[in-house]
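All values derive from a computational prediction rather than experimental measurement. Below, each value reflects all heavy atoms present in this structure, side chains not excepted, and no hydrogens, waters or symmetry copies.
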Amino acid sequence: MSENVVHLHKHTDTPAAVDTAPTVLTVVPDAPPAPPVPLWVRSGRAMKSAVTHERTRSAGRAVVRHGLYTFNGGRIVARRAWDGRTGSRYERMIRAAEAAGNLEAAEEWEERLQRFRAARHHRRMDLLHSPVDAAKGVAVGAGMSIGVLVALGIVLAISTGQAGDVVTPLSATIDFIALLIRIVQVVWGPAITIGPFLALLALWSVGRKQHAAPAWALPANVRNGEGEPITPSIVVKALRDLGVPALARAIKEMGDAGASMLGPIRIAGCGVEVDVTLPSGVATNEVQGKRRKLAENLTRHEHEVFITIPEAARTVRLWIADSGALDEPIGPSPLVTDETLTANYKTGKAPWGQDLRGDAAELSVYQRHLLVTGLSNQGKTAALRALALWLALDRTVQFWIADLKGVGDWAPFDGIAKVLIEGPSDSHCIQATEMVEDAVEEMNRRIEAVRKDPSLVFPPLIVLVDEAQKAFMCPAKGEDGRPYGGAKATSRYFMAVREIHNQGRAVDVLMWQGTQDPTDQNLPKLVREGAHTRASLVVGTESQAEMALGAKAVNAGAAPHLLRQGLDKGTLVVASDGIAIPAGQSSITVRTHFIDDEPAAEIAARAKTLRDGVATLHAIDRAEERDPLADVAAVIGDAARMRTDEVLKRLHALDTAVYREWNNVRLKRLLEEHGEEPKKSHGVMVVRRDDVARALANRDAEGSASATE
């Protein structure tokens, strides 16, 4: 029986049978040629391409634009002439005042209209008598002129002895008049020819300045809003399209007189400023709440428009930046450029930066507690350090500084500050708390001294805590069980700051704090409201803005929550009576100078040369006030022995600041220094009371021997 063999692999060689198979060729005929495109189709396509080409469209827009500039310029000039000759301008202003609900302004414009009509009537009545008066005036003037010329000729004839010189001045005048007539005859023809073109050019110039053409025909930079100047018509249109129904209705009723709502548009730094008196029925907060839409209507970004509330009722003040101007850096600090600059705590002002108007923003720190807050990495430390560097140039000012970030930002103050604590740990927070408590003691000492002698004057003491939120959030507790951090009356840091806020300024003990991302937990209400100068960088929410600056400032237009994180670094919204704030406003926006580490070190070096030399204490060293060996004996008490970990625990409870970092090795080294050491009992390291007593005796003996020698 035959079997069929099935191969499970594919042969790579082509079988010979395939090679010998016949090849079939299929002949495919060529496709028929496409019919030619008719001439009229090709012409239409070419014409369409030419008409829709960008150059053609640009040329068409240019023709329409310049033609309408001339035509609408004529309309504008005619309108101005009509307004100058009639009372239509006054009538528009009356309608605008009535639409705005300002009846006093309407009555004033009506009085002006009546005065204008009376004056116009008087001029028209004068025209009835003017031809006769003009003829008399010409006759009298000609007679007097001829008389003067004849008299001048007589004087000339007497001088020269020639009788013919009597008419010389008169003939010279006639020759001059003839020359003028000839000049007019020569110029008249070309003037008649060129005059209309000059008139059209003048009308074109008026239309171009007013952008009197449809938006689609305007140049690209104007059409896209780049660099568009702020004019009354643009501001009124932006307000009309704001989405406030009462405001839109009032502006429509005003018509062309809507600009009566606006005060003068003033140049203010890198932008312009204008006050807007809102119509009746429109609240200022309705405009404030539409900041983004107003900015976009003005072809600006939101951060380029600021809305504040001045003293005048029903008025908002708009500051509108030039496009892109706020993204340009400001110049260097005068502290860097002027090496002769000095400081005076009492009468001077720190050069902190520039306001939005471009004016120098200078801050007085005299007897003012300071709070600077904002999100992380937005320039808080740089803003604080710039003030401290300036004040360091006053040799009378003392600094106690706690940098709870601990990355060297405040290192230049080594040799200026009497206390400089640097580090982020709980131990550093404890030291910072004790530093502030020491400042409270210093404050009380000064107050007591002043009570006895009111003429005493103490040097200013600046107690500065950077990253103060760490101190408020510190979980450690003292030996009395009181927490170092927290926002309650039991918190040591909180209460120390409150005491300085309450009485420190009277004796020039001032609290400066920098904190980030404020909340009720890391920046309690009583502390933030105790600062006289409150400044905020960008924050996340409006509620945080109120925490930083207060509800009054935010309600009046302060908006640090609308700054751009990362892009507006160093831009502060400041609420303080120590800085010049425009009348009627409760805050001011300041773009602070940035002083880098190297220039900061140079400024600090200048400050050090003004001082006699300051030994900086880098920690509140409580160890010098304690006797560790005696403390070990105290915590053991009457026990014969105690486990080392229990000894360390009790030492920590006795004084957390001193013994927080102690461990078994440190405890063993203490005993070994005096000839004893911990021993094991039942496999556990212990400290015996007798060993500690012998260590104390050994130390006392060594001390007596050294004293004898």
Side-chain angles (χ1 to χ4, degrees), residues 211 215 218 220-244 262-276 284-310 315-331 353-359 361 374-375 378-379 535-540 542 545 549 553-554 556-574 581-582 585 587-594:
H211 294 158
L218 294 176
N221 62 328
V222 178
R223 191 166 61 249
N224 297 332
E226 298 177 2
E228 183 176 1
I230 299 300
T231 62
S233 60
I234 290 176
V235 177
V236 172
K237 184 176 181 296
L239 292 169
R240 184 196 67 194
D241 300 336
L242 203 54
V244 180
L262 309 183
I265 296 180
R266 304 175 295 271
I267 295 177
C270 56
V272 296
E273 187 178 73
V274 60
D275 287 349
V276 181
T284 54
N285 62 342
E286 292 183 90
V287 176
Q288 274 190 304
K290 301 279 189 176
R291 175 180 171 184
R292 171 173 293 183
K293 191 168 186 178
L294 178 61
E296 292 173 351
N297 289 348
L298 293 167
T299 64
R300 296 294 191 273
H301 295 290
E302 183 179 10
H303 71 276
E304 294 176 328
V305 174
F306 288 80
I307 306 174
T308 53
I309 310 298
T315 301
V316 294
R317 178 168 295 162
L318 307 180
W319 185 87
I320 307 161
D322 298 334
S323 294
L326 293 183
D327 296 328
E328 298 294 330
I330 64 174
Q354 293 181 1
D355 61 16
L356 295 178
R357 301 175 64 91
D359 300 329
L375 296 181
Q378 298 303 305
S536 176
L537 297 140
V538 57
V539 291
E542 184 174 349
L549 300 176
V554 174
H561 56 290
L562 296 181
L563 296 173
R564 300 167 298 168
Q565 185 175 359
L567 297 177
D568 288 327
K569 282 188 177 182
T571 299
L572 286 166
V573 182
V574 184
I581 297 178
Q585 296 180 201
S587 65
I588 186 172
T589 301
V590 177
R591 305 172 68 196
T592 57
H593 296 294
F594 175 69

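- Here the closest non-hydrogen pair linking Ala268 and Glu273 is CB-CB, 4.0 Å.
- Not one N or O on the side chain of Arg291 forms a donor-acceptor pair closer than 3.5 Å with the backbone of Ile307.
- Rounded to the nearest 0.5 angstrom, His561 NE2 and Leu375 CG are separated by 12.5 Å.
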* CA sep, side-chain torsions, deciding dist, call: Leu562, Arg292, side-chain contact (heavy atoms from CB on, under 4.5 Å) -> CA-CA 10 Å; Leu562 296 181; Arg292 171 173 293 183; over 6 Å; no
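- Residues forming a side chain to side chain contact (heavy atoms under 4.5 Å, CB included) with Asp275 (at least two apart in sequence, or on another chain): Arg266, Thr315, Arg317.
- Scanning all heavy atoms of the two residues, the minimum distance from Ala558 to Leu549 falls at CB-CD1, 3.9 Å.
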* To do: Assess whether side-chain contact (heavy atoms from CB on, under 4.5 Å) is satisfied between Ile234 and Leu298, documenting all intermediate values.
  => CA-CA 7 Å; Ile234 290 176; Leu298 293 167; 3.9 Å; yes
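- Atom CG of Leu318 is separated from atom CD1 of Ile230 by 9.5 Å, given to the nearest 0.5 angstrom.
- Note that the OG1 atom of Thr571 and the CG atom of Leu563 stand 6.0 Å from one another [nearest 0.5 Å].
- Remark: side-chain polar atoms of Gln378 are paired, donor with acceptor, to backbone N or O of Gly566 under 3.5 angstrom.
- Smallest separation of non-hydrogen atoms from Val274 and Ile265: CG2-CG1, 3.9 Å.
- Around atom CD1 of Ile267, no more than 12 heavy atoms belonging to other residues, nucleotides or ligands sit under 6.0 Å away.
- For the pair Arg591 (side chain) and Gly353 (backbone), a donor-acceptor distance under 3.5 Å is absent.
- Considering CD of Glu304 and CH2 of Trp319, their distance stands at 8.0 Å, rounded to 0.5 Å.
- Exactly one residue among Ile581, Val574, Thr589, Ile588 makes a side-chain contact (heavy atoms from CB on, under 4.5 Å) with Asp355. That residue is Ile588.
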* Asked: Where do Asp568 and Val538 land on the side-chain contact (heavy atoms from CB on, under 4.5 Å) test, with the steps shown first?
  -> CA-CA 8 Å; Asp568 288 327; Val538 57; 5.8 Å; no
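- With rounding to the nearest 0.5 Å, the separation of CG in Leu294 from NZ in Lys290 is 11.0 Å.
- In terms of heavy-atom proximity, Val539 sits nearest to Gly374 at CG1-CA, 3.9 Å.
- Side-chain atoms of His301 do not come within 3.5 Å of backbone N or O of Ala295 as any donor-acceptor pair.
- Applying the side chain to side chain contact (heavy atoms under 4.5 Å, CB included) rule to Thr592 yields the partners Trp352, Leu572, Val590; only residues at least two apart in sequence or on another chain are considered.
- Between Asn297 and Ala238, the closest heavy-atom pair is ND2-O, 3.1 Å.
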